[in-house]
Amino acid sequence: MVALPMSSFTETITIDAPIDRVWATLADIGSIHEWNPGVHDSYTISEAASGLGARRHCDLGGRNYLKESVASMAEHEHLTMRVDESNLPFARADIRFDLDGDGSRTTVSVTPDYALKFGPLGALMDVVMVRRTYRKGMASLLRGLKRHVEVVDA
């Protein structure tokens with residue numbers, strides 16, 4: 001079996017809200033469409049709506065979609081979503097959210113760890129186009145999370 005080249009980067013934002021509110025939004029996996037502008041619709045597809053193993057479907061617009069599951073989590077600390085199925089060119093992808101709160105503010109970092117399909121061609125696609133687009137999407141996701149949580153708090 002050939003090892004796929006992995007890519008990773010981190011985007012970070014500070015949210016003016018306590019960690020429990022930020023965590024509650026992230027842990028409600030079926031509602032990501034309410035705050036992530038890159039997701040048109042989302043819903044849980046597992047019996048459990050949250051927690052380890054919980055699954056969701058995300059409609060990304062057009063015919064693009066993701067089916068993800070909670071791969072790891074520690075309440076108020078981190079949540080990792082694994083892309084289990086998609087029509088995007090991911091061979092594998094984990095998206096980890098790390099939270100660090102100081103009482104009234106929470107710093108959230110998102111780190112995708114991914115490999116594209118198509119071997120060396122996929123690695124080239126990542127360098128030329130995918131990483132830049134993916135990074136913009138993750139920054140937009142964080143800005144959407146910030147707006148949503150801060151508005152809910154207001």
What residues form a side chain to side chain donor-acceptor pair (under 3.5 Å) with [X], not counting sequence neighbours?
{"X": "Asn36", "value": "none"}
{"X": "Ser109", "value": "Thr12"}
{"X": "Ser46", "value": "none"}
{"X": "Ser42", "value": "His33"}

Of all the heavy-atom pairs spanning [X] and [Y], show the shortest one and how long it is.
{"X": "Gly53", "Y": "Ser69", "answer": "O-CB, 4.4 Å"}
{"X": "Met73", "Y": "Gly51", "answer": "SD-CA, 3.5 Å"}
{"X": "Ala17", "Y": "Thr106", "answer": "O-OG1, 2.7 Å"}
{"X": "Pro18", "Y": "Gly103", "answer": "CB-O, 3.2 Å"}
{"X": "Ile32", "Y": "Cys58", "answer": "CG2-SG, 3.8 Å"}
{"X": "Ala71", "Y": "Leu52", "answer": "O-CD1, 3.4 Å"}

Set of residues satisfying side chain to side chain contact (heavy atoms under 4.5 Å, CB included) with respect to [X], sequence neighbours excluded:
{"X": "Asp28", "value": "Ser31"}
{"X": "Thr111", "value": "Ser8, Thr10"}
{"X": "Met138", "value": "Phe9, Glu11, Ile95, Val110, Pro112, Tyr134, Leu141"}
{"X": "His76", "value": "Ile19, Asp20, Trp23"}

Counterpart residues, ring pair (Phe, Tyr, Trp, His ring centres under 6.0 Å), relative to Tyr65 (two or more places apart):
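With neighbours one apart ignored, the set is His57.
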
Hey, does [Y] have a side-chain heavy atom less than 4.5 Å from the side chain of [X]?
{"X": "Met81", "Y": "Asp94", "result": "no"}
{"X": "Val39", "Y": "Leu60", "result": "yes"}
{"X": "Val83", "Y": "Leu88", "result": "no"}

Do Tyr114 and Val127 belong together in a cluster built from hydrophobic side chains that touch within less than 4.5 Å?
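Unlinked, Tyr114 and Val127 end up in two clusters.
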
What's the separation between atom [atom1] in [X] and atom [atom2] in [Y], rounded to the nearest 0.5 Å?
{"X": "Leu79", "Y": "Ser72", "atom1": "CG", "atom2": "OG", "value": "7.0 Å"}
{"X": "His148", "Y": "Arg21", "atom1": "NE2", "atom2": "CZ", "value": "12.0 Å"}
{"X": "Asp100", "Y": "His78", "atom1": "CG", "atom2": "NE2", "value": "13.5 Å"}

Please check if atom CZ in Arg82 has more than 12 non-hydrogen atoms from other residues, nucleotides or ligands closer than 6.0 Å.
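No, CZ of Arg82 has 12 or fewer neighbouring heavy atoms, counting only those of other groups under 6.0 Å.
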
Sequence neighbours left out, what pairs pass salt bridge (charged side-chain N to carboxylate O under 4.0 Å, His left out) with at least one residue falling in residues 39-60?
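Qualifying pairs: Arg55-Asp84, Arg56-Glu68.
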
Side-chain donor/acceptor of Asp126 to backbone N/O of Ser7, under 3.5 Å:
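No, Asp126 side chain to Ser7 backbone: no donor-acceptor pair under 3.5 Å.
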
Which Ile, Leu, Val, Met, Phe, Trp or Tyr residues join Tyr43 in one cluster when any pair of side-chain heavy atoms under 4.5 Å counts as a link?
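Besides Tyr43, the cluster holds Ile45.
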
Test side-chain contact (heavy atoms from CB on, under 4.5 Å) on Phe90 and Leu116 and set out the steps.
CA-CA 4 Å; Phe90 293 109; Leu116 298 181; 3.8 Å; yes

Is the shortest side-chain N to carboxylate O distance from Arg96 to Asp98 below 4.0 Å?
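So Arg96 pairs with Asp98 through a salt bridge.
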
Please identify each residue that fulfils salt bridge (charged side-chain N to carboxylate O under 4.0 Å, His left out) with Arg105, with sequence neighbours left out.
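Once residues adjacent in sequence are excluded, the partners of Arg105 under the salt bridge (charged side-chain N to carboxylate O under 4.0 Å, His left out) criterion are Asp16.
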
Stepwise side-chain contact (heavy atoms from CB on, under 4.5 Å) check, Leu145 with Ile13
CA-CA 9 Å; Leu145 178 63; Ile13 201 164; 5.8 Å; no

